[in-house]
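Here the structure is a predicted model, which is why all the values come from computation and not from measurement. Residue numbering restarts at 1 for every chain, and letters A, B, ... go by the order of the sequence lines.
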Amino acid sequence: MDEKYYPEKIEEKWQQHWETTGAFRVERDDQRPKFYCLEMLPYPSGFLHMGHVRVYSIGDALAWYKRLRGFNVLHPIGWDSFGQPAEQAAIKRGVQPGAWTEENIAHMRGQLKRLGVSYDWRREIAAHRPDYYKWDQWFFLKMHERGLAYKRTSPVNWCPNEQTVLSNEQSSGGVCWRCGAAVEKKDLDQWFIRITEYAEQLINDMAEIEAGWPERVLTMQRNWIGRSVGAYIDFPIKDTPAKVRVFTTRVDTVYGANAIVLAAEHPLLSELLEGSSLKADVDRFAERVRASRAARASNAAAPGEEEEKEGVNTGLFAVNPFSGEQLPVWVANYVLMDYGAGAVMSVPAHDERDFEFAQRYSLPVRRVIERISHEQEQIAHDERELDQSLAMKHAFTDYGILVNSGEWSGKLSEVAIPEMARYAEEQGFGGGAVTYRLRDWGISRQRFWGAPIPIIYCDGCGAVPVPEKDLPVVLPERAAFTGAGESPLASVAEFVNTTCPKCGKPARRETDTMDTFVDSSWYFFRYCDPHNERAAFDPATVKYWTPVDRYVGGIEHAVMHLLYTRFWTKLMRDIGIVSFNEPVRNLTTQGMVVAETFYREDGEKKSYFNPSEVNIERDDKGRVISARLVGDGSSVTIGPFEKMSKSTNNGVDPDEMIRAYGADAVRLFMLFAAPVENDLRWQETGIEGAVRFLRRVYTFVWRWHESLQDAPQKSAPAHDQFSAAARTLRHETHRAIARVTEGFERMSYNTNVAALMELSNALGDFQVVPEQATPAERFAVLEAFESLVLMLAPFTPHAAEEMWESLGHAGGILAGVREGRVRWPQLDEALARREELEIPVQVNGKLRGRIRATLDTAEDELRAAALADEKVRAWTDGHEVVQIVVVPRRLVNIVVR
RNA sequence: GCCGGAGUGGCGAAAUCGGUAUACGCACUAGACUCAAAAUCUAGCGAGGUUAACUCCUCAUGGGGGUUCGAUUCCCCCCUCCGGCACCA
């Protein structure tokens, strides 16, 4: 141990030690409890950013903690290495995507090692390597076998910028999840995965993870899946054998229907209107709706506004199977083909959209629900009229009591809904039904850099799956990278041309590749058994390690990745290779790393300055008053804190920070500065504080480490051997152990670091000179140091290792744990408790005095002491004491009148 | 519009059982050390008032109301910010 703290030196030393001793390697061990600690794998862009540093610091802290608690910890990392940027690099600079990707991985691996993250690197996986994507293809075949992968032509989400298809999840809000471009609709023949088959399970199984996942994520998934309970009703079309199926959540309002409204793309339309004079009108209208939707999509910058409701009467009539009434059939732009049945019954009195539509086209409004409670809004209506279109100003959408509804009149909505659905079923014209907003997952991508979809097209045999024995279908090294909207693979003749596995005749390969979210749907299972050549993984090995005990990653994957991987797990369960429903027990979504922005406005656009180029000036209260450039002292505008990015020039390079302050300080600051879920404000002064703290602890250890060589180690000296100062120190030590241990259980890292700082402050307050310390004092100091250092290991592993060694322990912390010599500091609850208490005394709830007490001062003693206290008496004298509340060990409250 | 989450010093935050509001850190102020600066160390640091006195008082956890001996914490209403969804029948 050097006298001074040289982070660079000790970090290199311990990284080397970990590497050569294989400190972080793990194997399955049925004798020990396992813990699977997982962070979302990065895309190998080439450079680690601060957001990465944050996730991996969070995960690593937990991994270290669990190891120190005796768990067999699986803590792996890999690369989400298929995807757009590699292909962009190929288009722009002509590099080969594979080589570009491997170089990036090599660089980032080095960065992660310099951060000192405790991965078992032997388990590293990368999505773009054939030994990995072979199994993507295998899973695809399994789904194909089960009818869960299918091809269909349908309007899909098309990103004009990236020239490829996106899934619904990736184009949520009408914009591309990656580049933000407005998404267009395009008709393409695409492969889909039948995730909707699992919609019900995806909703129901949330019960299993509710306790461990953020409410926010579950809510987002629930909304996305959009389960809706209602009924189908078939309305016969007059004078034809056809029926129009309608989905509604409000069968109870069926007597109020004034029309049946179809989506413009409804397949029945062309059939029913054959030969009708109105066909041309309807076709023209459908075309307009399509055009206007496309226009709105490309104009996604200004969303929000709902489109004006428009429709056209088809001249057809439908028969309400409940009432026998004839209803006109309309086509309207507000009915969506891909939700429910693509058709609705319009009930303007009780649905706002239908109301708006009815007003626009002067359709009758019939009230069939009456309020049941005076807390509900009074529905304006005209008793003399059946049509309320003049009286009602808006729809009444609450449940209530049925009126004007034939035999159902007088029933409550809640009662009528299931009864009417059952009736429809008995009569054969409908029945109860559940629909979902979730649609099937489109996985075809017109890209090169992804896993080829293992399908061969044969003129004779159709779409034939590639036989398992022929996997993987390997990507060629090169292709013509034009950036145009067709898969580059299509131009690689030796890839495309093959023979049909069935008939042996010449055939062509599928040239689309799979969505990269396929790769990440199951990657953490592969970590358990990463080199298996015969299977995606060995089920028994996976059974030991999974499910993931804690998963850390960004909120941006709340719906996409986290929904897909839940689905994939259920699929693997159905194949029989996994034995549970949910892959992730506990989920942590960390906040963004944000930094101050500085800019100057030159006319229209802002030019941004990096925080390192700016000096901040403050007033004497510490408030920021201005910012000036380091170079010329000219002033710049202080902008808000924003996510670190190139466009706002507020990024900070992790490597530079590690070089300046050390990996430990960077990590410590990241975990201390904010709770894990919050956004984290990057502040260089904050990281300086972290170094200051580490240096202080290090200095304390240096000052004491020789005197501690002969400290009593095995058992604590008797209580009366300890000086008052030593007793205080021991109390602080055990209080910190209690707090930090508890903090780890709820991922409260910021308070954990605070507790460790307090312990270090307590060591600073311990003024005994090392050489003059009594054996008992040495014991107390050693106990404090050992506890502090071990509890620091999850946050600053290099510094902890160095100090642990200088406290007389050879071989590294984890070797000690493995050999049973080292374990997480043991809490002595008696020591953690305060010996003497200060009990606050309130009068009428306001703090008026304090009395001294011990842990077992009796209630009546506390009461008497409180009443006798001089300061308290100033508030009670002359008043009548009405009540005295005594909370032992906590407080006394005297109520006076 | 609907559904979530949050609002506490100059700033990041703490108080997970309804019991001393502001732990810990940053920034700031003063002092020590120094020729000087940095670093380090020591002390102070919610607002306002008050005292010979670090004495004591009042107010303060977005605003208003409620429950309670006692509310940052529980309940109701409102405001603001952030996020998700957005004609989903």
Side-chain angles (χ1 to χ4, degrees), chain A residues 172-174 214-224 226-228 230 246-250 253 261 303-309 332-336 338-347 350-354 356-357 435-438 555 558-559 616 618-625 641 669 672-675 677-690 692-693 695-696 699 739 742 746 748 750-758 760-761 764 838-850 871 874 882-887 889-896:
Chain A
S172 172
E215 188 53 45
R216 192 151 78 114
V217 175
L218 294 174
T219 304
M220 283 164 74
Q221 292 208 356
R222 229 175 257 125
N223 290 344
W224 189 262
R227 183 177 194 269
S228 177
V246 147
F247 176 73
T248 179
T249 55
R250 295 296 303 271
T253 66
V261 187
E305 293 306 294
E306 262 173 29
E307 208 170 1
E308 183 93 4
K309 288 184 179 47
N333 61 348
Y334 76 97
V335 178
L336 307 174
D338 48 9
Y339 182 77
V344 301
M345 61 180 203
S346 169
V347 185
H350 305 293
D351 182 284
E352 273 162 39
R353 296 152 302 184
D354 295 341
E356 209 184 299
F357 189 68
T435 58
Y436 303 89
R437 209 187 80 116
L438 181 75
I555 186 75
V559 171
I616 303 276
R618 294 166 192 273
D619 67 9
D620 60 7
K621 299 235 167 166
R623 277 183 290 242
V624 174
I625 46 177
F641 276 82
F669 168 73
F672 173 61
E677 317 77 40
N678 289 20
D679 281 354
L680 180 142
R681 294 180 164 209
W682 177 265
Q683 297 260 1
E684 204 152 332
T685 50
I687 201 170
E688 282 164 15
R692 204 144 45 216
F693 164 70
R695 211 181 284 139
R696 256 211 330 268
T699 309
R739 287 167 69 191
E742 204 265 331
R746 49 190 183 98
S748 182
N750 56 326
T751 57
N752 273 1
V753 176
L756 295 176
M757 286 174 168
E758 283 182 58
S760 127
N761 291 345
E838 249 191 3
I839 305 284
V841 181
Q842 297 179 337
V843 178
N844 288 349
K846 295 203 173 197
L847 179 70
R848 298 302 182 191
R850 290 187 173 86
K871 283 177 184 160
V882 183
Q883 189 191 349
I884 300 177
V885 182
V886 181
V887 185
R889 298 181 187 183
R890 293 225 79 142
L891 113 168
V892 179
N893 188 12
I894 302 166
V895 186
V896 299

Sugar-phosphate, base or nothing in reach of [X], heavy atoms under 4.0 Å:
X: Val344(A); value: base
X: Pro675(A); value: sugar-phosphate
X: Val882(A); value: nothing
X: Arg850(A); value: base
X: Glu838(A); value: base
X: Asn678(A); value: sugar-phosphate

What's touching nucleotides 21-26 of chain B from the protein side, N or O pairs under 3.5 Å?
{"from": "A23(B)", "atom 1": "O2'", "to": "Glu758(A)", "atom 2": "OE1", "distance (Å)": "3.4"}
{"from": "A23(B)", "atom 1": "O2'", "to": "Glu758(A)", "atom 2": "OE2", "distance (Å)": "2.9"}
{"from": "G25(B)", "atom 1": "OP1", "to": "Asn761(A)", "atom 2": "ND2", "distance (Å)": "3.3"}
{"from": "C26(B)", "atom 1": "OP1", "to": "Arg692(A)", "atom 2": "NE", "distance (Å)": "3.2"}
{"from": "C26(B)", "atom 1": "OP1", "to": "Arg692(A)", "atom 2": "NH2", "distance (Å)": "2.6"}
{"from": "C26(B)", "atom 1": "O2'", "to": "Thr685(A)", "atom 2": "OG1", "distance (Å)": "3.0"}

(request) Could you summarise the pairing of RNA chain B as dot-bracket text, marking Watson-Crick and G-U pairs under 3.5 Å with ( ) or [ ] inside the strand and | across strands? (result) (((((((..(((......[....))).(((((.......))))).((((......))))..(((((..]....))))))))))))....
(message) Would you compute the distance between atom CE of Met345(A) and atom OG1 of Thr248(A) and round it to the nearest 0.5 angstrom?
(response)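 Going from CE on Met345(A) over to OG1 on Thr248(A), the span is 4.0 Å.
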(message) Distance check, rounded to the nearest 0.5 Å: Asp338(A) atom CG versus Arg437(A) atom CZ?
(response)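 Going from the CG atom of Asp338(A) to the CZ atom of Arg437(A) covers 10.5 Å.
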(message) Pick the closest RNA chain B nucleotide for Gln883(A) and for Gly342(A) by heavy atoms, then say which residue is nearer the 5' end.
(response)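 On the 5' side of the pair lies Gln883(A).
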(message) Quick check on RNA chain B: between Ala674(A) and Tyr334(A), whose nearest nucleotide comes earlier from the 5' end?
(response)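 Taking each residue's closest nucleotide, the earlier one in sequence belongs to Ala674(A).
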Just how far, in rounded Å, is [atom2] of [N] from [atom1] of [X]?
X: Lys871(A); N: C54(B); atom1: NZ; atom2: P; answer: 13 Å
X: Arg848(A); N: G70(B); atom1: CZ; atom2: P; answer: 14 Å
X: Asp338(A); N: A89(B); atom1: CG; atom2: C1'; answer: 13 Å
X: Ile884(A); N: C69(B); atom1: CD1; atom2: P; answer: 15 Å
X: Phe693(A); N: G12(B); atom1: CZ; atom2: C1'; answer: 17 Å
X: Ile839(A); N: U20(B); atom1: CD1; atom2: C1'; answer: 10 Å
X: Lys309(A); N: G1(B); atom1: NZ; atom2: C1'; answer: 12 Å
X: Asn752(A); N: U16(B); atom1: CG; atom2: C1'; answer: 14 Å

Which of the following nucleotides, [options], is nearest to the side chain of [X]?
X: Arg890(A); options: G4(B), A86(B), G19(B); value: G19(B)
X: Met220(A); options: A89(B), G19(B), G84(B); value: G84(B)
X: Arg437(A); options: A89(B), A86(B), C59(B); value: A86(B)
X: Arg216(A); options: C59(B), G83(B), C69(B); value: G83(B)
X: Asn893(A); options: A89(B), C59(B), G70(B); value: G70(B)

(message) Quick check with a 6.0 Å cut-off and a 45 degree axis cone: is Lys309(A) positioned over the face of Tyr334(A)'s six-membered ring?
(response)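 Yes; both conditions hold, so Lys309(A) lies above the ring face of Tyr334(A).
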(request) For U8(B) and C87(B), measure between their P atoms and round to the nearest Å. (result)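 Straight-line distance between the two P atoms is 35 Å.
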Please check if the side chain of [X] supplies one atom and the backbone of [Y] the other of a donor-acceptor pair under 3.5 Å.
X: Ser760(A); Y: Leu756(A); answer: no
X: Asn844(A); Y: Val896(A); answer: yes
X: Asn678(A); Y: Ala673(A); answer: no

For nucleotides 60-65 of chain B, tabulate all protein N/O to nucleotide N/O atom pairs closer than 3.5 Å, reporting atom names and distance.
none

(request) Output yes when Glu677(A) and Arg216(A) qualify as a salt bridge under the 4.0 Å nitrogen-oxygen rule, no when they do not. (result)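 Between Arg216(A) and Glu677(A) there is no salt bridge, as every charged N stays at least 4.0 Å from the carboxylate O atoms.
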(message) Assess whether a salt bridge exists between Arg746(A) and Glu742(A), defined as any Lys/Arg side-chain N lying under 4.0 Å from an Asp/Glu carboxylate O.
(response)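 Looking at Arg746(A) and Glu742(A), the cut-off is met.
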(request) Pull up the glycosidic torsion of G44(B) and say syn or anti, syn being anything within 90° of 0. (result)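 Because its glycosidic torsion lies more than 90° from 0, G44(B) adopts the anti conformation.
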(request) Check the side chains of Asn761(A) and Arg696(A) for a donor-acceptor pair under 3.5 angstrom, ignoring hydrogens and angles. (result)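 Yes - a donor-acceptor pair under 3.5 Å links their side chains.
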(message) Before we go on, tell me: are the rings of Trp682(A) and Phe669(A) under 6.0 Å apart, centre to centre?
(response)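 Close enough - the centres of the two rings lie under 6.0 Å apart.
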(message) With a 4.0 Å limit, can you tell me whether Arg695(A) has a side-chain N or O closer than that to the phosphate oxygens OP1/OP2 of U40(B)?
(response)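 For Arg695(A), the contact criterion (side-chain N or O under 4.0 Å from OP1 or OP2 of U40(B)) is met.
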